[in-house]
Amino acid sequence: MNANAKRILVTAALPYANGPIHLGHLAGAYMPADIYVRYQRLKRREVLFICGSDEHGVPITIAADKEGVSPQVIVDRFHTMNAKSFADLGISFDNYSRTSLPLHLETSKEFFLDFSS
């Protein structure tokens, strides 16, 4: 790769892990990003495509309350389901993660601490 070439980071809206991915999600957020990433790769550009389940928020708590289960049960179910849906549709993130991972917490803290300095 050319040392002067730009590296491209692409992400899409993090889906709440409180329900399955639906057509509106796909058409509005994930397909456009996937198409852009594929185009950049065809042009032999260095691209990193990341996304993940947003495991924090009121919608998750509401879904858990409705089912009488813990929020963790909800996020585990829908993180797995949504990751499989993306894979089944051929959307391949370089990293599809979870906001509950320690790495996400540490990266977020570093970002905001560096930004505020």
Side-chain angles (χ1 to χ4, degrees):
M1 166 146 279
N2 180 340
N4 294 323
K6 293 181 182 177
R7 296 182 344 196
I8 302 168
L9 173 64
V10 177
T11 189
L14 302 182
Y16 278 118
N18 70 316
I21 297 297
H22 59 69
L23 186 57
H25 293 134
L26 291 169
Y30 308 109
M31 294 296 287
D34 186 65
I35 291 166
Y36 178 75
V37 167
R38 289 170 189 262
Y39 171 77
Q40 294 300 328
R41 289 184 175 146
L42 283 171
K43 293 292 201 174
R44 299 204 177 279
R45 295 182 180 137
E46 187 177 354
V47 180
L48 181 64
F49 188 22
I50 62 171
C51 196
S53 296
D54 184 341
E55 298 182 335
H56 301 93
V58 173
I60 293 164
T61 304
I62 291 170
D65 286 348
K66 283 182 181 177
E67 290 190 28
V69 298
S70 74
Q72 191 65 51
V73 169
I74 298 296
V75 298
D76 288 344
R77 177 189 319 143
F78 289 110
H79 172 77
T80 301
M81 180 187 296
N82 292 341
K84 182 179 181 323
S85 293
F86 286 129
D88 289 349
L89 291 164
I91 298 174
S92 58
F93 299 102
D94 294 302
N95 183 321
Y96 188 79
S97 189
R98 305 169 75 132
T99 58
S100 62
L101 293 179
L103 176 63
H104 186 272
L105 173 64
E106 290 306 313
T107 303
S108 298
K109 281 180 13 184
E110 286 175 20
F111 175 82
F112 285 105
L113 291 174
D114 287 348
F115 183 73
S116 64
S117 297

By the salt bridge (charged side-chain N to carboxylate O under 4.0 Å, His left out) test, which pairs, at least two apart or in different chains, include something from [range]?
range	result
residues 85-94	R41-D94, K84-D88
residues 11-30	none
residues 9-20	none

Using side chain to side chain donor-acceptor pair (under 3.5 Å) as the criterion, list what pairs up with N18, not counting sequence neighbours.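 Result, side chain to side chain donor-acceptor pair (under 3.5 Å) vs N18: none returned.
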
Can you name the residues that form a side chain to side chain donor-acceptor pair (under 3.5 Å) with R77, not counting sequence neighbours?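 Here the qualifying residues are E67.
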
Using every non-hydrogen atom in the two residues, find where [X] and [Y] come nearest and quote the distance to one decimal.
X	Y	result
C51	P15	SG-CD, 4.1 Å
R98	H104	O-CB, 3.8 Å
A17	S53	CB-CB, 4.1 Å

Between CG on residue L48 and CD on residue Q40, distance to nearest 0.5 Å: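 Answer rounded to 0.5 Å: 13.0 Å.
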
At what distance, to the nearest 0.5 angstrom, does CG of D34 lie from OG of S92?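 That separation rounds to 6.5 Å.
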
Hydrophobic clustering (ILVMFWY, side-chain heavy atoms < 4.5 Å, transitive) - are L14 and F86 grouped together?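 Different clusters: F86 never reaches L14 through Ile, Leu, Val, Met, Phe, Trp or Tyr contacts under 4.5 Å.
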
Do M31 and I8 belong together in a cluster built from hydrophobic side chains that touch within less than 4.5 Å?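 Yes, M31 connects to I8 through the hydrophobic network.
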
Can you find a heavy atom in the side chain of E55 that is under 4.5 Å from one in the side chain of H79?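 They are in side-chain contact.
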
For H25, give me all partners under side chain to side chain contact (heavy atoms under 4.5 Å, CB included), at least two apart in sequence or on another chain.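 So H25 forms a side chain to side chain contact (heavy atoms under 4.5 Å, CB included) with I21, H22, Y30.
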
If you link I, L, V, M, F, W and Y whenever their side-chain heavy atoms are under 4.5 Å apart, who else ends up in the same group as [X]?
X	answer
I62	V58
V75	Y16, I60, V69, V73, I74, F78, M81
L103	none

Non-neighbouring partners of K66 that pass salt bridge (charged side-chain N to carboxylate O under 4.0 Å, His left out), sequence neighbours left out: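 Once residues adjacent in sequence are excluded, K66 has no partner under the salt bridge (charged side-chain N to carboxylate O under 4.0 Å, His left out) criterion.
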
Among residues at least two apart in sequence or on other chains, which ones pass salt bridge (charged side-chain N to carboxylate O under 4.0 Å, His left out) with D54?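 By the salt bridge (charged side-chain N to carboxylate O under 4.0 Å, His left out) rule, D54 matches no residue at all.
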
Steps toward side-chain contact (heavy atoms from CB on, under 4.5 Å) verdict (I50, L9): CA-CA 8 Å; I50 62 171; L9 173 64; 3.9 Å; yes

Distance-only, no hydrogens or angles: does the N82 side chain make a donor-acceptor pair with backbone N or O of G19 under 3.5 Å?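 Looks like yes, one N/O pair under 3.5 Å.
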
Any ring-ring contact (aromatic ring centres under 6.0 Å, His included) involving residues 40-72? Give me the pairs, sequence neighbours left out, ordered by first then second residue.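 For residues 40-72: F49-F93.
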
